[in-house]
**Q** 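What follows is a structure written as structure tokens; I'll ask about it next.
Residue numbers start from 1 in every chain, and the chains themselves are labelled A, B, ... in the order their sequence lines are given, proteins ahead of strands.
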Amino acid sequence: MSYISELNPSQSEAVQHITGPSMVIAGAGSGKTRVLTYRIAYMMEHGVDPFEVMALTFTNKAAREMKERIGSIVGESESKNITMGTFHSVFSRILRYNSNRLGYPSNFTIYDTQDARSLLKAIIKEQNLDDKVYKPAAVMGRISSAKNSLVSPESYAANSEILLEDQQARRPETARLYKLYADRCFKAGAMDFDDLLYQTNVLLRDHPDVLAHYQHKFKYILVDEYQDTNYAQYLIVKKLAAVFENICVVGDDAQSIYSFRGANIQNILNFRRDYPDYKLYKLEQNYRSTKNIVEAANSVIRRNQDQIEKKVWTDNVDGKKINVIRAMTDNEEGKVIVNKIYDLSQNEGLDFSDFAILYRTNKQSRSFEESLRKLNIPYKIFGGLSFYQRKEIKDLLAYFRLATNPKDEEALKRIINYPKRGIGKTTIDNIIIGANQHGTSIWDIVSDPTHYNVPLPAGAWNKIGQFVTMMKSFQAELGKLNAYDMAQTIARSSGILKELYSEKDKGVEEVERYQNIEQLLSGIKEFTVSQAESGNHYLPDFLMDVALLTDADQATDDKNYVTLMTIHSSKGLEYPHVYLVGMEENLFPSQMVLNTRSELEEERRLFYVAVTRAKTTCTLSYATSRFIFGQLTSSEPSRFITEVDEQYLQFESVARPGGRSLNSSGFDRNFSGGLNRPMSNLKPLAPSDASASNSSKPSNGGSSNLDLKVGYNVEHDRFGKGKVTGIEGTGNDKKATIFFPKNGSKTVLLRFANLKIIED
DNA sequence: CCAGTACTTAGGTTG
DNA sequence: TAAGTACTGG
């Protein structure tokens with residue numbers, strides 16, 4: 001228990017408070033993670049069974065790291081038995097275990113944002129609603145906040161206040177769309193991210209025995225980043241803790257930045273109400289940052305009205321003032337900041353991992369990325385499109401998903417005609433109509449066409465039949481082959497591997513795509529090996545929470561890189577040198593928050609979070625103009641710069657047109673210094689367009705009257721030589737499916753294709 | 001059916 | 001700028 005002596009008095013008290021409710025208000029950099037880890041370790045050393053502990057963190061990465069640290073104190077064999085993870089991952093497991101109570105399959109799919117949006121979009125189309133009015137994102141936002149406030153489709157439709165809001169937004173059909181969307185998800189055996197919390201609430205509300213079971217299993221509950229929990233999360237925790245009330249929540253109201261996701265600072269106030277005899281601990285000493293940084297951040301956050309009284313202070317050195325840099329354009333901002341990083345790393349012999357570039361919006365990463373590439377500085381961008389969201393990865397995962405859960409509608413739609421099988425849009429639309437009429441899933445229709453009598457041409461049924469047979473063969477092997485063998489089998493027999501392989505010599509992006517698939521497969525291999533012992537080494541096990549993984553969860557061997565991420569994803573992290581870029585009005589604070597005080601205050605808290613990530617130096621930068629939607633738009637410095645008490649700031653501007661930069665190192669990296677010359681783009685050189693200037697063939701009716709048979713060798717203008725594998729249709733609709741060794745399998749209309757029969 | 005092109009429109013943060 | 005959709009020619 002030597003570690004207790006490392007703690008200050010309030011940390012130590014918080015760590016040793018095990019029984020009964022407690023709340024820890026932890027200022028930025030006040031050793032919150034340390035308190036959490038030591039508290040759990042302390043509990044276990046005092047006889048608490050790790051199986052009885054549930055710790056909810058904000059990211060999977062935080063959970064993993066905390067588990068490791070606890071393991072190093074009490075031993076891994078103990079720490080691994082703690083239930084620890086994000087709300088989403090912990091409760092998705094609980095939901096799988098109890099799925100039958102809710103009528104879901106245990107291998108239900110988790111729809112990510114893409115899947116959910118695409119389904120909603122499809123429903124809006126099916127309902128013949130104008131998607132200019134019923135913008136999928138807007139409708140989804142309504143559905144999402146309904147779920148986060150535990151409003152069911154039925155109570156949504158019965159709530160006059162909500163209906164009025166929708167009416168005023170000119171989207172009166174939203175209630176109906178919510179219902180349709182929820183039904184479709186259910187029929188597809190799918191939950192979206194919000195469902196994981198919503199359905200957990202349903203489970204605990206409607207099944208008292210289940211609730212009682214988990215109340216007694218998890219006698220000790222900890223919640224990190226409590227200020228960012230929403231109502232659905234709040235209620236789950238409240239219910240689970242109701243019997244023993246051994247609940248500890250940790251948070252900082254000054255760092256609440258997720259209200260757009262339904263997070264509610266009121267949860268902190270509710271805590272006092274729900275547990276009147278709770279004990280409050282305040283961690284106010286900052287161990288992370290210099291005095292300048294702490295004071296600068298304090299001077300800004302002071303302006304917020306809504307906050308819990310506290311005084312964050314530090315014993316650390318004064319440190320450097322916060323440097324404020326002005327650049328002329330966003331491109332120049334990228335160059336200047338990257339040069340600063342380069343110079344500092346060289347002059348002081350620092351690792352690149354000592355640096356982070358933080359911004360308000362993901363798209364700001366571009367100019368920094370370009371500059372970092374030019375100087376060959378290793379970097380990693382977090383957020384944006386994650387590995388698991390890339391097209392090729394999602395395609396293959398869709399096969400896995402459909403094999404695991406055949407009702408998964410989004411997966412089916414994604415792959416039924418990929419690689420191309422000649423199953424067209426009209427066919428799929430008709431099947432969906434049939435599925436809706438029969439109130440069943442798409443899979444039910446395609447796998448049992450005789451039962452549901454959906455009118456389709458015989459040719460279409462034939463192709464669908466082949467697809468169904470293939471999927472069934474995968475399903476039959478799911479429990480026999482381990483995840484890796486299964487994934488290999490699917491990648492090969494589905495034709496995906498071949499498809500991507502054949503495109504490999506087309507360009508850099510195609511090569512990357514193929515490599516991504518290889519990377520996914522080797523990841524599955526790793527998973528299979530590591531899970532072999534537990535017996536959970538099948539493909540559905542792997543699939544269980546891939547939807548919940550983010551970039552931050554990807555293991556990287558080489559850690560010496562500059563970090564680029566949004567301020568939101570930097571929460572909880574720290575770096576010696578932080579560059580907070582794009583400090584401009586309408587960007588940060590975002591243009592969209594200027595209407596209400598509470599939104600502006602949240603933006604200010606975001607600034608507070610950003611500044612307090614820095615340990616040694618913090619640099620702010622802004623550009624006086626930047627490209628927005630391809631248009632050069634002028635911009636003004638952010639109000640947050642002027643809100644910092646001047647004594648903590650130091651201004652510097654660079655690269656006036658015609659002048660020299662203030663580049664201290666003497667490296668002249670030639671700032672473009674003006675509005676000229678966009679950076680050369682990084683795409684591979686476009687292929688010479690010799691092939692593009694298609695010699696226009698005379699349209700002699702193509703080859704529709706050609707006497708083509710399966711097995712013939714033919715030549716196509718664009719695809720080259722190939723072999724006919726199928727013929728269908730007559731007259732103008734006569735089509736041939738041809739396998740081209742160079743281009744894969746294609747179906748072409750003979751009317752247009754202008755095929756020539758050739759000898760072997 | 002396929003693929004290239006013209007056109008439109010994007011509010012931002014995440015598990 | 002960039003992505004996604006609608007259109008069009010083969």
**Q** Take the protein atom NZ of A:K391 and the nucleotide atom C1' of C:dG4, then report the distance between them rounded to whole Å.
**A** 14 Å

**Q** Apply side chain to side chain contact (heavy atoms under 4.5 Å, CB included) to A:T633 and list each qualifying residue two or more places apart in sequence or on a separate chain.
**A** A:I628, A:Q631

**Q** Please report, rounded to the nearest Å, how far the P atom of C:dA2 is from the CD atom of A:Q631.
**A** 15 Å

**Q** Tabulate atom names and distances for all N/O pairs under 3.5 angstrom spanning the protein and nucleotides 12-15 of chain B.
**A**
residue, atom, partner, partner atom, Å
B:dG12, N2, A:R360, NH1, 3.3
B:dG12, N2, A:R360, NH2, 3.4
B:dT13, OP1, A:N362, N, 2.8
B:dT13, OP1, A:N362, ND2, 3.2
B:dT13, O2, A:R360, NH2, 3.0
B:dT13, O2, A:H568, NE2, 3.2
B:dT14, OP1, A:T566, OG1, 3.1
B:dT14, OP2, A:N362, ND2, 3.4
B:dT14, O2, A:R261, NH1, 3.3
B:dG15, O3', A:T86, OG1, 3.4
B:dG15, N2, A:D194, OD1, 3.3

**Q** Among residues at least two apart in sequence or on other chains, which ones pass salt bridge (charged side-chain N to carboxylate O under 4.0 Å, His left out) with A:R360?
**A** A:E603

**Q** Mind calculating the distance between CD1 (A:I416) and C1' (B:dC1) to the nearest angstrom?
**A** 16 Å

**Q** Output the rounded distance in Å from CD (A:E369) to P (C:dA2).
**A** 11 Å

**Q** Using side chain to side chain contact (heavy atoms under 4.5 Å, CB included) as the criterion, list what pairs up with A:D545, not counting sequence neighbours.
**A** A:R93, A:L548

**Q** Between A:H568 and A:Y359 (judged by ring centroids, cut-off 6.0 Å), do the two rings come close enough to count as a pair?
**A** no

**Q** Would you indicate what A:K132 reaches in the nucleic acid, counting non-hydrogen atoms under 4.0 angstrom: base, sugar-phosphate, or nothing?
**A** sugar-phosphate

**Q** My understanding is that only residues two or more places apart in sequence, or in another chain, count here; which of them pass side chain to side chain contact (heavy atoms under 4.5 Å, CB included) with A:T612?
**A** A:A28, A:A297, A:Y608

**Q** What is the distance from CD of A:Q364 to P of B:dG11, rounded to the nearest Å?
**A** 15 Å

**Q** Just checking A:K61: base, sugar-phosphate only, or nothing, at a heavy-atom cut-off of under 4.0 Å?
**A** nothing

**Q** I want to check one thing: is the phosphate of C:dT5, taken as OP1 and OP2, less than 4.0 Å away from some side-chain N or O of A:K121?
**A** yes

**Q** Residues in side chain to side chain contact (heavy atoms under 4.5 Å, CB included) with A:S144, at least two apart?
**A** A:N148, A:D194

**Q** How close or far is atom P of C:dA3 from atom CD of A:Q389, stated in whole angstroms?
**A** 14 Å

